[in-house]
There are 2 protein chains.
Amino acid sequence: MATFHYNPHISVDCVIFGFDDEKINILLIKRKQIDKKVYALPGDLVKKGEDLDVAAARILSELTGLSNVYQEQFKTFGSPDRIQDPADIEWLKSIREHPEARVITVGYNAIIKTNDFEIHASSFAEEVMWHPIEKPQKLAFDHNDIANTGWAMLREKIKREPIVAFNLLPKKFTLRQLQTLYEAIVGNELDKRNFRKRMLRNKFIVPLDEKEQNVSHKPAQYFAFDKEIYKEDFAKDQWFLF
Amino acid sequence: MATFHYNPHISVDCVIFGFDDEKINILLIKRKQIDKKVYALPGDLVKKGEDLDVAAARILSELTGLSNVYQEQFKTFGSPDRIQDPADIEWLKSIREHPEARVITVGYNAIIKTNDFEIHASSFAEEVMWHPIEKPQKLAFDHNDIANTGWAMLREKIKREPIVAFNLLPKKFTLRQLQTLYEAIVGNELDKRNFRKRMLRNKFIVPLDEKEQNVSHKPAQYFAFDKEIYKEDFAKDQWFLF
DNA sequence: ACAAAAGTGTTAGGCGTACACCCATGG
DNA sequence: CCATGGGTGTACGCCTAACACTTTTGT
């Protein structure tokens, strides 16, 4: 395995969330490691001279097949004793040229619609899967810490920049869909009437002349997200909050 | 200069703010570089096997004499073209074993009372100074970007965790002092009556049986910050906001 | 006619903001 | 008695949160 062109000290871990129209999932890989099932975040060493953002895109793509995902850096993890579990050490020996090297890792996160992307395992990933965030799962290294931090910081970001949320919905969406998404993000239920009032105050959510069809109940109105109005509003430093 | 025990790829830059009872300043160093005045953030390479937090403390102390400052990581800067200015390149050649190496740098920030600490230049710092944040100053490398990001993220942090602000005041303080501090942080003036109302809602600001003395106006009441009440309040997820 | 989800309004309390005058002290 | 900064209250508008019934459609 030719690893001479890797920087042995710097890695990237990708904390990717996916919304499946119902709940939020996190993207995990299962390592190729005989007789053990170890789940981990997709992550690997950065190449010498490679930009961190570029490395994050490459690593995610190599392990999971996901490309064109806009990831953002959220924190760097640099404790020298990040690696302690014997299973992790064994695995590093099997794959790294300098398995004992001290590695600092830069966490990147992103959130996407699971339906818009196909995932398939490759490189040292034996499997890739979407795992519901509400079901705890033990991960390799300090990946539980990294994943939790990544989720907390993404939620903070969505509060400040709700545009992130609208990328998770189809172009036309109902208020029920929007509410389901918000409930998945905040982790609890919201009052329908108050939710609608708050949302419809935002002029960048525009009603369409179109309704649901073939539903066995009163059809819901479709809405769309208007990027231009959104940008103006945020230029004026107006806020839309949870 | 024996630099073999440094990791040539990882550095730390320290963005330290100081409150001098009036305004916020940033800690800068002037490099030892003949015939050029170059200001920069205190920063240097991390040692092999050194924890990032430990490195931040060491580097700050080596360059500026400041110790026991609780710094927090805020962002990692990893663009491969961070270094472009000929003056910066010349300087790296004079000091680094691998001056051409691609370096990613981890930004740390902190805010302290300038009066509680003494600064004195050492190592490759020729001078150390507190520079008012409202006066722009061109810095080496991408340090302007790092400093601005560090300040923005510290402000965000203070909003969420006001305890940071109370570390900048004496144990007994007047509401006027508290307001001056807040005005320095937010960068504009605040209404006295409204400020008091908001602050005194917080039960962790407790009035003392003591007033100012020897002032040529009505003496102000002293208050203190009660850490226990603060912790309870924040456990209950109550908020104190700007 | 029934089931299922859409859609709608009011009230009460808390919070932010704007704004002007009297008070206590030292000199 | 003057200068200086400390200390106080009210009114308005906006937001949040709690809460129940009618409407439209497919079956």
Side-chain angles (χ1 to χ4, degrees), chain A residues 21-22 159-160 162 169-170 172-224 233-234 236-242, chain B residues 21-23 158-160 162 169-170 172-224 233-234 236-242:
Chain A
D21 297 333
E22 184 189 339
K159 278 192 201 177
R160 292 192 309 272
L169 293 172
K172 338 182 253 190
F173 54 85
T174 65
L175 290 178
R176 175 74 254 175
Q177 286 176 288
L178 183 57
Q179 186 174 343
T180 301
L181 170 59
Y182 268 73
E183 287 174 341
I185 294 170
V186 300
N188 52 44
E189 300 199 346
L190 300 169
D191 179 87
K192 185 168 47 154
R193 284 177 284 192
N194 293 334
F195 182 79
R196 285 165 169 258
K197 251 183 289 176
R198 272 182 324 205
M199 287 300 152
L200 294 176
R201 264 212 297 282
N202 298 308
K203 285 172 251 113
F204 54 78
I205 298 177
V206 297
L208 303 178
D209 280 338
E210 202 178 342
K211 297 188 174 187
E212 278 181 318
Q213 298 204 332
N214 301 324
V215 287
S216 71
H217 54 77
K218 180 168 174 179
Q221 162 115 234
Y222 279 121
F223 291 82
D233 284 359
F234 277 73
K236 282 187 240 145
D237 247 87
Q238 285 183 355
W239 287 95
F240 149 122
L241 294 168
F242 276 84
Chain B
D21 297 334
E22 185 190 339
K23 62 191 183 313
I158 293 175
K159 279 191 201 178
R160 291 193 310 270
L169 293 173
K172 337 182 256 189
F173 54 86
T174 66
L175 290 177
R176 175 75 256 175
Q177 286 176 289
L178 183 56
Q179 186 174 343
T180 301
L181 170 58
Y182 268 73
E183 287 173 340
I185 293 170
V186 300
N188 53 44
E189 300 199 345
L190 300 169
D191 179 88
K192 186 170 43 157
R193 284 178 284 194
N194 294 333
F195 182 79
R196 287 166 167 258
K197 250 183 292 175
R198 272 181 323 204
M199 288 299 152
L200 295 177
R201 264 212 298 280
N202 299 309
K203 284 171 250 111
F204 54 78
I205 298 177
V206 297
L208 303 178
D209 279 337
E210 202 179 344
K211 297 188 174 188
E212 278 181 318
Q213 298 204 334
N214 301 322
V215 287
S216 70
H217 54 76
K218 180 169 175 178
Q221 161 115 235
Y222 279 121
F223 292 82
D233 284 0
F234 276 73
K236 283 188 239 142
D237 247 86
Q238 284 183 359
W239 288 94
F240 149 123
L241 295 167
F242 276 86

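Since we're looking at a predicted model, the values are computed, not measured. Side-chain atoms are counted along with the backbone in the values below, which use heavy atoms only and exclude waters and symmetry mates. Within every chain, numbering begins at 1; the chains are lettered A, B, ... in the order of the sequence lines, protein sequences first and strands thereafter.
- The nearest whole Å value for the distance from the CD atom in A:E212 to the P atom in C:dA4 is 16 Å.
- Spacing between atom CZ of B:R198 and atom P of C:dT17 amounts to 6 Å, rounded to whole angstrom units.
- Rounded to whole Å, the distance from CD on B:E189 to C1' on C:dT17 is 16 Å.
- The ring pair (Phe, Tyr, Trp, His ring centres under 6.0 Å) search around B:F223 returns none, not counting sequence neighbours.
- With rounding to whole Å, B:F195 atom CZ is found 13 Å from D:dG7 atom P.
- Atom CG of residue B:L175 and atom CZ of residue B:R196 lie 4.5 Å apart, to the nearest 0.5 angstrom.
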Would you mind writing out the side-chain donor-acceptor pairs for residues 205-213 of chain A within the sub-3.5 Å range, not counting sequence neighbours?
residue: A:E210; atom: OE1; partner: A:K172; partner atom: NZ; Å: 3.4
residue: A:E210; atom: OE2; partner: A:K172; partner atom: NZ; Å: 2.5
residue: A:E212; atom: OE1; partner: A:A220; partner atom: N; Å: 3.0

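- Taking 4.0 angstrom as the limit, A:R196 places none of its side-chain polar atoms (N or O) nearer than this to OP1 or OP2 of D:dT16.
- Interatomic distance, A:F173 CZ to A:Q221 CD, rounded to the nearest 0.5 Å: 11.0 Å.
- B:R198 CZ to B:L190 CG: the interatomic distance, rounded to the nearest 0.5 Å, is 6.0 Å.
- For residues 174-195 of chain A, the salt bridge (charged side-chain N to carboxylate O under 4.0 Å, His left out) pairs, not counting sequence neighbours, are A:R176-A:E183.
- In this structure, the CE atom of B:M199 is 14 Å from the P atom of C:dC15, given to the nearest Å.
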Where protein sits on nucleotides 19-27 of chain C, one letter per nucleotide: B base, S sugar-phosphate only, - none, heavy atoms under 4.0 Å: BB--BBBS-
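- In this structure, the helix from C:dA1-D:dT27 to C:dG27-D:dC1 shows an angle of 10° between the axis at its start and the axis at its end, each fitted on 5 base pairs and rounded to 10°.
- Minimum heavy-atom separation, B:T180 to B:D21: CG2-O, 4.0 Å.
- Counting non-hydrogen atoms under 4.0 angstrom, A:R176 reaches the backbone sugars and phosphates but no base.
- Rounded to a whole Å, the CZ atom of A:F173 is 20 Å from the P atom of C:dA5.
- Residue B:N202 contributes atom CG, which lies 15 Å from atom C1' of C:dG14 at whole-angstrom precision.
- For A:R201, a side-chain nitrogen or oxygen approaches OP1 or OP2 of D:dT16 to under 4.0 Å.
- The nearest pair of heavy atoms linking B:A184 to B:K23 is CB-CA, 4.2 Å.
- Spacing between atom CG of A:L178 and atom P of C:dG7 amounts to 12 Å, rounded to whole angstrom units.
- The ring pair (Phe, Tyr, Trp, His ring centres under 6.0 Å) check on B:F195 picks up B:Y182, with sequence neighbours excluded.
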